[in-house]
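Each remark here refers to the structure printed beneath this line.
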Amino acid sequence: MKLRRIDEDLWELPAEGGMKVPGRIYAAGPPAPDDPSLQQVANVAHLPGILRFSLAMPDYHWGYGFPIGGVAAVDPEIGAISPGGVGYDINCGVRVVTTALHEEELRPRLRQVVAQLFRDVPTGVGASRAIPALADDELDGVLAGGARWAAARGFAAAPDDPSRCEEGGRLPQADPAAVSDRARARGRDQLGTLGSGNHFLELDRVAEIYAPDAAAAFGLLPGAVAIQIHSGSRGLGYQVCDESLAALTPRMRDFGPDYAALPDPQLACAPVRSDAGRRYLAAMQAAANFAFANRQVMTGLAVRALCRSLGLSEGELGARVLYDVCHNVAKLETHAVDGAPREVLVHRKGATRAFGPGDPRVPAPYRAVGQPVLIPGDMGRYSYVLAGTDRAMRDTFGSSCHGAGRLLSRGQALKLARGRSIDRELAARGIEVLSRGRKTLGEEMSEAYKDVAQVVAVMHRAGLSRLVARLEPLGVIKG
DNA sequence: ATGTCC
């Protein structure tokens, strides 16, 4: 593939053949020309109605149809919405909850606290029953209300947590009726559960501050303990994606020649303004709200677990949501295109919204410095908090990277972990880890991931987000 | 990511 370097960390794939726009890849070095995910960047550029670029963030890698780390905005009047541009785990995302606790107060009780979290937050692939199974009207409330539903029922660090989530913790065009009975059945008893794979609930210490102005606005103090939660929409979101793909894949010819000519069946999509497109958008937003509610319920469970195991009142713990971001979502957002504001549909698949300073969609306490951009790393090293920029608004539809990205496949990682005790290795470095599955720790060990410091360095240099703080893990629970 | 194959 012809790659042209157009800036220090930015590479362009010229629009060729059926590509409607060029590809743009943010990367520290030249992308490997034989990387199949590069072809996926080019494939996404065929999407009907795509605007300006098919984008890839520096943590990009192969995914279903779209690369993970991909961003594509379309004109909703003529463009397409694609389930593969969102991913199976709809609104997989991450939140950080700050506390008034100092790491030195936590360390002597760390084992007990992690054990309490592990008891109170179900983990693992089939985890269920964090809270009683939801009746139909309650599930409707979750699907329509997102984090607000959970906070209103007392699952919260602070009552106004949802105001510090992306979109206020609720996508407005969600339609619970667009979610199938089967998807509902899978979600009914899974709210408040973590899941498996790279999902985690962590206790972190604020290890370093890079931007004192933004860190102060975000409430990040050196040595303070923060809770970080990475999870998504569990079986409900998976089911919505699966059913949507099954419905759309055979229909590409019906939607016209641009659809029939798409270079990969995994790019199955529908016109945003068609019945099929509207139905997916409504179901996907409902699943996204389930994920917002899921992280909000786990926030409540974690706060109670910390208070119980440390003998603190909630006031003494002083927890509140810093921010909550979607990593897998398609959203109608207003962006400047050719100098004029217009509504576009932005697919972010393994990418994070990164709105800049002054944007009214950034919560008031953070508006002067830009939206918090939460980038988890791996369980043995660190995670980062960044802030969105004007440059991201101009160049990437207000988007940034979402994590480290895998270096080794799960199989390769397991092979490397054979005969080792990953939890003991982490404990020797002061990190307490409890995990349900015996395989997960091997698949998720640090060596399986790229160094997220290198990924966020690209975002900082390219000006798409600026570094604010580094978090380091003290305790982790996993699936 | 996922009742990792209804």
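Each chain gets a letter, A, B and so on, in the order its sequence line appears, and its residues count up from 1. In this text, all values refer to a predicted model and were calculated from it rather than measured experimentally.
The interatomic distance linking A/Arg182 (CZ) with B/dC6 (P) rounds to 7 Å, in whole Å. Atom CD of A/Gln190 and atom P of B/dT2 are 8 Å apart (whole Å). Atom P of nucleotide B/dT4 and atom CD of A/Glu444 are separated by 18 Å, given to the nearest angstrom. Taking atom OH of A/Tyr64 as the reference point, atom P of B/dT4 lies 18 Å away to the nearest angstrom. Taking atom CD1 on A/Ile90 and atom P on B/dT2, their separation rounds to 12 Å, with Å as the unit. Rounded to an integer number of Å, the gap from CG of A/Leu414 to P of B/dT4 is 17 Å. Rounded to an integer number of Å, the gap from NZ of A/Lys478 to P of B/dT2 is 11 Å. If you take CD of A/Glu243 and P of B/dC6, they are 12 Å apart, rounded to a whole angstrom.
A/Gly197 comes within 4.0 angstrom of the backbone, heavy atoms only, and of no base. Using a 4.0 Å heavy-atom cutoff across all strands shown, A/Ser196 reaches sugar-phosphate atoms only and no base atom. At a threshold of 4.0 angstrom between heavy atoms, the contacts of A/Glu443 with the nucleic acid are absent.
Qualifying side chain to side chain contact (heavy atoms under 4.5 Å, CB included) partners for A/Pro162, counting only residues two or more places apart in sequence or in other chains: A/Ala147, A/Arg148, A/Ala151. Listed by chain and residue number, nothing satisfies the salt bridge (Lys or Arg N to Asp or Glu O under 4.0 Å) test with A/Asp189 (two or more places apart in sequence, or in another chain). Taking A/Arg188 as the reference, A/Asp136 meet the salt bridge (Lys or Arg N to Asp or Glu O under 4.0 Å) condition, with sequence neighbours excluded. Applying the salt bridge (Lys or Arg N to Asp or Glu O under 4.0 Å) criterion to A/Asp137, with sequence neighbours excluded, gives no partner residue. With sequence neighbours excluded, the residues that form a salt bridge (Lys or Arg N to Asp or Glu O under 4.0 Å) with A/Arg470 are A/Glu208, A/Glu472.
If you check residues 122-130 of chain A against DNA chain B, the residues with a heavy atom closer than 4.0 Å are A/Val125, listed by number.
Considering only heavy atoms from C-beta on, A/Thr123 stays 4.5 Å or farther from A/Thr193 through its side chain.
Contact check on A/Arg153 versus A/Glu138 returns a salt bridge, with a Lys/Arg side-chain nitrogen under 4.0 Å from an Asp/Glu carboxylate oxygen.
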